[in-house]
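Notes follow the structure.
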Amino acid sequence: VVTRDDVEESLKAVFQFVKDKEQLLQDLRSQIEETKKIISEKQRERDYWLEYKNVGSKIHEEKISSLEKDIAEVKHELERTEEYYREALKVVREENQKLFDRHMKLLSEEALKNAVGYLDKHCRREIEENEWLKEEVKIYRKAHSDLEASVRLLEEENTSLVAKLIDTKLQHLRV
């Protein structure tokens with residue numbers, strides 16, 4: 001015997017079961033929609049990257065190659081410019097050193113003239129004689145070195161003549 005309460009309870013259980021299944025079906029549909037959205041988003045992303053792989057990457061590769069060439073050219077120009085400026089700096093330094101040396105020489109000569117100008121006649125005469133003596137010493141040293149060279153040549157010549165003379169005397173003695 002089935003009572004009305006049993007039937008109602010059974011209907012409630014079936015109704016609850018159907019309602020749970022509908023809720024589960026609705027949840028699955030919403031999950032399917034979310035999954036479809038994710039799939040379409042991933043599909044768009046995949047299409048974008050495929051497009052980039054086929055077209056965009058080549059463009060970027062060309063740009064990268066071009067930029068690398070530009071970098072190499074800039075480095076080369078920088079090295080050339082650096083070398084040019086290094087040489088120019090060297091030349092300027094040498095020129096400055098020459099100018100400085102010449103200026104110092106002129107200043108020392110001017111200072112010497114000024115100093116001589118303040119000296120009395122006796123001291124000036126001694127300085128002039130000293131300069132004259134320095135020139136004479138240079139002349140005598142040159143003459144001395146010339147004479148030494150001449151003496152050396154004469155000694156060599158005499159040595160060779162004496163050797164010939166001795167050889168000749170030995171030949172005469174043998175005869």
Side-chain angles (χ1 to χ4, degrees), residues 35 37-175:
T35 306
K37 286 180 184 176
I38 291 171
I39 288 172
S40 88
E41 188 178 311
K42 294 295 180 184
Q43 184 69 31
R44 282 193 302 268
E45 190 176 332
R46 188 183 126 241
D47 292 344
Y48 170 79
W49 287 113
L50 280 174
E51 168 109 10
Y52 175 76
K53 178 184 169 193
N54 295 332
V55 179
S57 65
K58 292 177 183 174
I59 294 171
H60 286 143
E61 185 177 333
E62 290 172 3
K63 285 182 181 179
I64 289 170
S65 174
S66 172
L67 289 173
E68 286 175 345
K69 287 178 184 175
D70 291 346
I71 288 170
E73 288 176 12
V74 167
K75 282 183 180 178
H76 180 69
E77 285 297 317
L78 176 67
E79 289 171 0
R80 285 183 46 217
T81 305
E82 185 179 339
E83 184 64 28
Y84 170 77
Y85 282 118
R86 188 177 296 123
E87 290 298 320
L89 179 64
K90 183 179 175 184
V91 168
V92 167
R93 281 185 178 163
E94 289 173 358
E95 187 176 322
N96 283 344
Q97 185 62 39
K98 288 177 186 175
L99 289 172
F100 178 76
D101 291 343
R102 192 175 79 204
H103 184 68
M104 289 305 293
K105 183 179 177 183
L106 290 173
L107 283 178
S108 67
E109 289 174 1
E110 187 67 28
L112 181 62
K113 286 178 185 177
N114 287 339
V116 169
Y118 290 115
L119 295 176
D120 61 358
K121 290 181 181 179
H122 179 68
C123 290
R124 280 190 217 157
R125 186 166 179 222
E126 284 182 14
I127 291 172
E128 289 172 0
E129 287 176 0
N130 189 15
E131 291 296 323
W132 175 77
L133 286 174
K134 285 181 183 177
E135 292 298 321
E136 288 295 316
V137 166
K138 285 182 187 176
I139 292 169
Y140 287 124
R141 283 186 180 160
K142 181 166 178 14
H144 179 263
S145 65
D146 291 345
L147 286 174
E148 278 184 344
S150 296
V151 166
R152 196 174 309 118
L153 287 173
L154 287 173
E155 285 177 349
E156 290 173 4
E157 188 178 320
N158 284 343
T159 306
S160 67
L161 288 174
V162 168
K164 284 181 184 177
L165 183 64
I166 291 172
D167 287 341
T168 307
K169 282 190 177 184
L170 283 175
Q171 285 178 0
H172 286 295
L173 286 175
R174 287 184 193 154
V175 171

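For this chain, numbers begin at 1 and follow the sequence in order.
For the atom pair CG of N158 and CG of L153, the computed distance is 11.0 Å after rounding to the nearest 0.5 Å. In this structure, K63 NZ and E68 CD are separated by 14.5 Å, a value rounded to the nearest 0.5 Å. For the atom pair K138 NZ and E136 CD, the distance stands at 11.5 Å (nearest 0.5 Å). Atom CD1 of residue I64 and atom CD1 of residue I59 lie 12.0 Å apart, to the nearest 0.5 angstrom. Going from atom CG of L133 over to atom CD of E135 covers 10.5 Å, rounded to the nearest 0.5 Å. Remark: L89 CG to Y84 OH distance equals 11.5 Å, nearest 0.5 Å.
The closest side-chain heavy-atom distance from S65 to K69 is below 4.5 Å.
Here salt bridge (Lys or Arg N to Asp or Glu O under 4.0 Å) pairs that include residues 148-170, with residues two or more places apart or in two chains, number zero. A salt bridge (Lys or Arg N to Asp or Glu O under 4.0 Å) check over residues 87-110, counting only residues at least two apart or in different chains, returns nothing.
Residues E79 and K75 are not paired through a salt bridge, judged by the lack of any N-O separation under 4.0 Å between the basic side chain and the carboxylate. Ionic pairing of E83 and R80 is not present here: no N-O contact between side-chain nitrogen and carboxylate oxygen is shorter than 4.0 angstrom.
Within a 6.0 Å radius of CZ in R86, other residues, nucleotides and ligands contribute more than 12 heavy atoms.
At least one donor-acceptor pair under 3.5 Å links the side chain of S150 to the backbone N or O of D146.
Ring-plane geometry between W49 and Y52 is classed as perpendicular, the angle between the planes exceeding 60 degrees on a 0 to 90 degree scale with a lower cut at 30.
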